[in-house]
Amino acid sequence: MPYTRRLTSITLLSMGVSALALSANAFETTTPPVPPEFPAEAKVTYVPRDSILEFKALDSYSQPDWVAKFEEAGKLPPLKERLPEEPLVYKTGNMPDGIGVYGDTLRHVVGGRPEGWNYIAGQSQGWGGIDIALSECLTRTAPLFQVEADETEPLPNLAKSWEWSEDGHKLTMHLVKGAKWSDGEAFNADDVMFYWEDAVLDPQVSPLGGGASPEAFGEGTTLAKIDDYTVEWTFKTAFPKQYLYSMAYPNFCPGPSHMLKPVHPKYSDNTYNQFKNAFPPEYMNMPVMGAWVPVEYRPDDIIVLRRNPFYWKVDEEGHQLPYINELHYKLSTWADRDVQAVAGSGDLSNLEQPENFVASLKRAADPDAPARLAFGPRLIGYNLLMNFSGNGWGNPDEREQAVRELNRNHKFRQAVTSALDRKAIGDSLVKGPFTAIYPGGLSSGTSFYDRASTVYYPFDLEAAKAALKEIGLEDTDNDGFVNFPAGTAGGKNVEIVVLVNNGYTTDKSLAEGLVGQMAKLGIRLVINALDSNQRDSAHYSGRFDWAVRRNSTELSSVVQNTEQLAPVGPRTSWNHRAPEGKELDIMPFEKEMAEVVNRFIGSQDNAEKAALMKDYQKLYTENLYTIGLTEYPGALIINKRFSNVPAGTPIYMFNWAEDSIIRERMYVSADKQGNYELFSEQLPGKPGDGGPIN
Ligand code: GLA
Ligand code: CA
């Protein structure tokens with residue numbers, strides 16, 4: 001192994017020197033400054049969990065008149081046969097504006113591009129809530145932002161109810177009975193079992209979102225079909241209610257097994273790659289359980305979705321949902337989403353790029369502005385991820401391997417974090433009270449955040465430089481950049497490649513800021529900016545030294561994607577995964593973090609959970625599991641013609657706003673309806689047919 005000698009030399013070097021100099025150059029830490037107050041955070045009205053929805057049969061059901069005509073013409077089965085025995089019923093009392101009317105279009109704009117429709121094989125649909133509109137999951141968590149804190153348990157969805165066995169090791173789930181895919185095929189336990197066995201448990205298939213690995217449901221967990229509408233989970237631990245969150249988006253949203261099974265490698269001659277790409281973006285009318293079905297795709301232009309006539313949710317008067325007939329996804333840029341939403345040519349945006357805050361606020365302040373804009377809590381954060389795999393994730397070459405060893409060195413991480421002027425980083429995005437000093441770890445906007453348990457290394461460039469010297473990184477050739485010690489990576493300049501999402505101005509601004517600040521420390525950064533789909537594939541396959549990354553839900557909610565808080569399994573961490581066929585080379589502090597997270601997952605006691613998250617935060621921020629960059633609040637921008645948008649919907653908490661606002665029960669009152677439908681009075685056609693049917 002060519003690595004061994006070099007690694008040993010660098011480890012010895014750092015150990016020998018730092019043992020002597022440890023106290024002399026120890027970093028001073030403190031708690032982070034109190035984040036500034038920002039203007040008008042919208043207030044949420046908290047409600048009991050059971051006030052949102054229920055499952056029950058109603059006396060009668062109705063649909064838009066033009067859909068009834070399809071039924072009359074014999075092109076659709078009667079509505080009652082399309083609906084489950086007991087549909088999901090949204091309660092009127094929880095609808096901000098009450099029962100709605102049919103019609104109109106919800107016009108989204110996205111910066112992503114679709115790879116295809118095989119969500120469970122990890123294909124991106126272009127983000128911005130497209131996949132969220134198509135996929136329905138066993139449970140649902142996004143609307144929990146409005147549920148009273150002591151009642152937050154995931155809401156039923158495809159699993160309409162569940163019971164725990166007396167000893168807490170078994171969980172029996174009842175699936176919504178008689179629900180259909182958008183092509184009329186039955187949804188049942190076979191779809192659930194196919195997803196579990198041939199997506200989650202198949203190591204060569206990893207569903208979108210990067211997280212759905214078996215560990216997300218607990219080590220040794222099994223799932224069995226009892227009958228067509230009952231499945232049973234068996235867990236090693238008792239009452240691990242936390243896993244109900246893993247059964248929500250993005251981890252347990254089954255695909256149509258009647259379409260996917262015949263093309264899966266286990267049941268066909270296909271390769272995994274052929275399976276993944278079996279339903280390219282041009283393939284129309286892919287069966288979904290969601291409220292709208294893709295019927296039109298024009299590259300770099302638009303994706304159009306039409307209402308699903310088999311949708312299994314209704315309002316209390318029996319109107320089949322959704323109220324809105326059509327969804328648009330204009331294929332543009334994320335920055336353009338903000339611009340179009342405030343201008344009124346788009347309907348919705350998560351204002352999440354601070355570079356657009358000032359212009360958007362100005363425009364929305366006009367009483368005649370077409371859109372409302374409301375800030376939520378400070379839950380958008382960015383971290384610098386350092387690849388911690390020292391044993392091969394992403395097949396590093398010599399330089400990359402040497403960087404991994406630096407990444408794994410605490411003193412090195414201390415040097416990097418101390419060399420960051422976070423005030424300057426925040427101000428480079430937007431001036432004013434929005435951004436806060438963020439040392440990493442849990443978002444200051446979550447209920448689990450504890451400032452006193454947060455370790456902050458203040459900006460101290462001199463201490464940072466001294467630390468590099470201590471671990472043997474010196475500029476031996478006087479070109480301004482420190483070199484690896486002789487014998488490591490050819491003694492060349494320490495050059496680190498940072499993976500960046502090309503689709504976001506913010507990600508690029510942060511990366512450019514880092515390049516400048518790291519240069520002052522004597523470290524040369526090279527930006528590798530890729531489009532989102534390529535960026536994600538580089539990330540998930542471990543091909544990065546460092547990565548600038550917008551936080552995901554585990555840091556903004558703690559209870560969602562909890563297993564992603566630490567390397568509790570070989571594939572749960574964002575910066576430390578095991579290469580295929582090898583063990584995770586976990587470091588002692590990561591092991592402690594994983595233990596805390598596992599205890600959190602197993603705990604039923606709220607006080608204990610809160611205490612565990614304090615320990616977690618301390619371990620994370622002291623050891624610099626990742627390097628925090630900045631955090632700030634986001635704002636939801638939504639066109640004023642829409643009703644039933646809950647006040648204070650955060651753009652990101654348990655999931656993105658596109659899920660939290662419950663689009664299937666949003667509507668536009670008759671007097672405000674626009675004329676935007678491209679496929680008026682048309683429904684999705686057969687799977688694979690080129691477009692909607694009249
Ligand atoms: C992208 C956007 C987010 C949100 C999500 C939904 O990541 O940046 O604002 O719309 O898609 O998946
Ligand atoms: Ca040099």
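Side chains are part of it too, since the values below use all heavy atoms of this structure and drop only hydrogens, waters and symmetry mates. Numbering of ligands and ligand atoms starts at 1, following listing order.
Interatomic distance, CG of L420 versus OG1 of T630, reported as 11.0 Å (0.5 Å rounding). The structure places CG of D475 at 5.5 Å from CG of N483, a figure rounded to the nearest 0.5 Å.
Among residues two or more places apart in sequence or in another chain, the ring pair (Phe, Tyr, Trp, His ring centres under 6.0 Å) test is passed with Y283 by F279. Every residue two or more places apart in sequence or in another chain was checked for a ring pair (Phe, Tyr, Trp, His ring centres under 6.0 Å) with Y382, and none qualifies.
Residues Y652 and N551 bring no donor and acceptor atom of their side chains to less than 3.5 Å of each other.
Using bins of under 30°, 30° to 60° and over 60° for the plane-to-plane angle, the ring pair W574/Y540 lands in the tilted bin.
In this structure, K362 places its NZ atom where only 12 or fewer heavy-atom neighbours from other residues, nucleotides or ligands lie under 6.0 Å away.
The immediate protein surroundings of ligand 1, defined as residues with any heavy atom under 4.0 Å of it, consist of W127, G128, G129, W334, R337, N350, E352, Y504, R550, W656, E658.
Excluding waters, the protein N/O/S atoms found under 3.0 Å from the Ca ion (ligand 2) are D475 OD1, D477 OD1, D479 OD1, F481 O, N483 OD1, N493 OD1.
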- request: For E355 and K508, run salt bridge (charged side-chain N to carboxylate O under 4.0 Å, His left out): C-alpha distance rounded to whole Å, both residues' side-chain angles, the deciding distance at 0.1 Å, then the answer.
  value: CA-CA 11 Å; E355 293 89 336; K508 288 187 287 186; over 6 Å; no
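Ring to ring, F654 and F145 are not that close: their centroids are 6.0 angstrom or more apart.
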